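Fair warning: this is a prediction, and the values are worked out from it, not measured in the lab.
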Amino acid sequence: MEGKSRRLNSATVPATPIHFLGPELLCSIFASLNHFDLVRCSAVCKSWHKIINSSNLFKELYFKQSLGPTISVPSDKLLKEYFEDLAMEQHKVALVSGSVEVHRWKTHSVGINQCRMKTGLIVTGGGDKVVRLWSSESYKCLGEYSVPRMSPLIDFDFDESKIVGLIEGHLCIWRRQGKRSIFPSKEGTFSRGLCMRYIDPEAAVGCGDGTVRVFDMYSQSCSRIIRMHSGSITCLALTDDQMIVSGSSLGSITVAGLSFDQRVGYLRTSTALAGIRTLSFNQSSYSVYAGSTNGYCHCWDLRTMKPLWEKRVSPNVVYSVHHMDGDKSALVVGGIDGILRILDKKTGELLASYVAETSSISSSCSNDKLGVMGRKQCRKLTEDTLIDDIPRQMRPSITCVAVGMKKVVTTHNEKYTRVWKFDK
């Protein structure tokens, strides 16, 4: 259906009743949650975040676990930070020392290599002409969006209301309610778009000619062209305060401002950088993380643009690094060797590494049907484990990772997507 997005079984997907509940009733429901689930709910959407943070829920939780209401109470801001830090610590403990179960389900008819996860939703795509939206809990398909015939899907990102996709020389917007638009048209296209990142209202596209082109989502026009590298741009990261970080195939990492057309600095290391394959930015610590073609992970402080650490974590290419928003401790890494690694974000130290076992715990769907395929056990590797001793079928290359509370989503250039669920 050209020009419109298509929904998978849209008639059978009921409206979620909780969206129709008022703030007072939602607040009563949130009051029954523990601090971990309350922090998770506050990150689901803007309306829930406003309800939770404008109420006394964090204060009441503080009283419950303290000596009583006679004690001195921190400010609302400090209370929120206290419970967020507590939740993130539980998240890290689960990733490093908890039990792990891998859920594997068929998401596409051909191999896909990218995933994103936010607010309880997962978006997958990259190998065919379809982008799909999934529930991160039930793995039900909540939306199916067609990619225009002109080119394959290269990269994408999403927020509460829309999915933004890069289709070689064009950007495409899929509204969650169904409408699709493609731009630019008369403003001119760009050649060899290789990567994209989006923070409303702007999308930044990294191109093969070394430029970053910034597009306004509302005017649907290119507002700026920034010369960043002499080689192709392979990955991007955006900050909340209008900074853009770009990595290139030649190993350079450049920082520029989204609001003006010039570079402001470079991120350097003590060793020569190989090609940069992935970047991730942590707003809470203002740190930038990179993965390279020679198996190294790097970390810089973006305020000083000085390196904090560099570690060789894999003998091969690191394809993806990611972390929870607000998490200052755990960095998840995936690459060509198929090992899922957890690193300490402050030091780069390897905290844990995992592979999924070949045998399944259960299976619930046929091979030709989208949905949950089954659950696999997970094997935690020891320090003396030799990667070559692990069968290749147990560790398909990890092309992308997306991190949520006590869970990691991975793609592997297969028809299937995996969710690694960690329990404390």
Closest heavy-atom pair and its distance - [X], [Y]:
X: Val96; Y: Ala352; result: O-CB, 3.8 Å
X: Cys378; Y: Val355; result: SG-O, 3.4 Å
X: Ser223; Y: Glu202; result: OG-OE2, 4.0 Å
X: Lys106; Y: Tyr416; result: CA-CD2, 3.5 Å
X: Met405; Y: Ala87; result: CE-CB, 4.0 Å
X: Met217; Y: Ala203; result: CE-CB, 3.4 Å

Minimum side-chain heavy-atom gap [X]-[Y] below 4.5 Å:
X: Arg104; Y: Lys376; answer: yes
X: Met117; Y: Lys407; answer: yes
X: Val313; Y: Leu343; answer: yes
X: Val333; Y: Val401; answer: no
X: Val130; Y: Val147; answer: no
X: Tyr354; Y: Val100; answer: yes
X: Leu258; Y: Arg224; answer: yes
X: Ser284; Y: His323; answer: no

Can you tell me if [X] uses its side chain to pair, donor with acceptor, with the backbone of [Y] under 3.5 Å?
X: Ser97; Y: Val93; answer: yes
X: Trp174; Y: Ser146; answer: yes
X: Thr107; Y: Lys415; answer: yes
X: Thr234; Y: Ile276; answer: yes
X: Arg132; Y: Leu142; answer: no
X: Trp309; Y: Glu349; answer: no
X: Ser314; Y: Val318; answer: no
X: Lys118; Y: Phe158; answer: yes
X: Arg227; Y: Arg263; answer: no
X: His412; Y: Gly338; answer: no

[X] side, atom [atom1]; [Y] side, atom [atom2] - distance, nearest 0.5 Å:
X: His229; Y: Leu250; atom1: NE2; atom2: CG; answer: 9.0 Å
X: Asp200; Y: Glu160; atom1: CG; atom2: CD; answer: 10.0 Å
X: Cys400; Y: Gln114; atom1: SG; atom2: CD; answer: 6.0 Å
X: Leu95; Y: Met324; atom1: CG; atom2: CE; answer: 9.5 Å
X: Ile253; Y: Met305; atom1: CD1; atom2: CE; answer: 11.5 Å
X: Thr239; Y: Arg197; atom1: OG1; atom2: CZ; answer: 14.0 Å

Notebook entry, point to check: Would Ile226 and Thr211 satisfy side-chain contact (heavy atoms from CB on, under 4.5 Å), going step by step from the backbone distance to the final call?
Noted result: CA-CA 5 Å; Ile226 308 172; Thr211 63; over 6 Å; no
Checklist line | Listed partners of Trp300 passing ring pair (Phe, Tyr, Trp, His ring centres under 6.0 Å), at least two apart | finding: His298
Next item on the list: Could I get the full list of ring pair (Phe, Tyr, Trp, His ring centres under 6.0 Å) partners for His322, not counting sequence neighbours?
Entry: none
Salt-bridge test for [X] and [Y]: reply yes if a basic N is under 4.0 Å from a carboxylate O, no otherwise.
X: Asp344; Y: Lys346; result: no
X: Asp159; Y: Arg116; result: no
X: Glu101; Y: Arg375; result: yes

Any side-chain donor near an acceptor of the partner, [X] and [Y], under 3.5 Å:
X: His91; Y: Glu89; result: no
X: Lys162; Y: Tyr198; result: yes
X: Arg277; Y: Ser320; result: no
X: Ser287; Y: Asn282; result: no

Margin query: Lys345 vs Cys299, test: side-chain contact (heavy atoms from CB on, under 4.5 Å). Steps then yes/no.
Written below: CA-CA 8 Å; Lys345 294 175 80 169; Cys299 175; over 6 Å; no
Margin query: Would you say the rings of Phe281 and Tyr289 are close, in the sense that their centroids are separated by under 6.0 Å?
Written below: no
Margin query: Holding to salt bridge (charged side-chain N to carboxylate O under 4.0 Å, His left out), I want the full list of residues that pass it with Lys311, two or more places apart in sequence or in another chain.
Written below: none
[atom1]/[X]: more than 12 non-hydrogen atoms of other groups inside 6.0 Å:
X: Asp241; atom1: CG; value: yes
X: Lys140; atom1: NZ; value: no
X: Lys50; atom1: NZ; value: no

Next item on the list: Tell me, with the steps shown, if Val321 and Val332 meet side-chain contact (heavy atoms from CB on, under 4.5 Å).
Entry: CA-CA 6 Å; Val321 297; Val332 181; over 6 Å; no
Checklist line | Sequence-distant partners of Thr399, side-chain contact (heavy atoms from CB on, under 4.5 Å), two or more places apart | finding: Asn113, Thr411, Asn413
Margin query: List the residues meeting side-chain contact (heavy atoms from CB on, under 4.5 Å) with Cys195, not counting sequence neighbours, and say none if there are none.
Written below: Asp155, Ile233, Leu236
Return all side-chain donor-acceptor pairs below 3.5 angstrom for residues 119-126, not counting sequence neighbours, or 'none' if the list is empty.
unit_1	atom_1	unit_2	atom_2	d
Thr124	OG1	His108	NE2	2.8
Thr124	OG1	Trp134	NE1	3.0

Next item on the list: Starting from the C-alpha separation in whole Å, work towards a yes-or-no answer on side-chain contact (heavy atoms from CB on, under 4.5 Å) for Ile163 and Tyr145.
Entry: CA-CA 9 Å; Ile163 300 171; Tyr145 307 90; 3.8 Å; yes
Next item on the list: Could you walk me through whether Asp327 and Ser329 pass side-chain hydrogen bond (donor to acceptor under 3.5 Å, both in side chains), step by step?
Entry: CA-CA 6 Å; Asp327 181 14; Ser329 56; 2.8 Å; yes
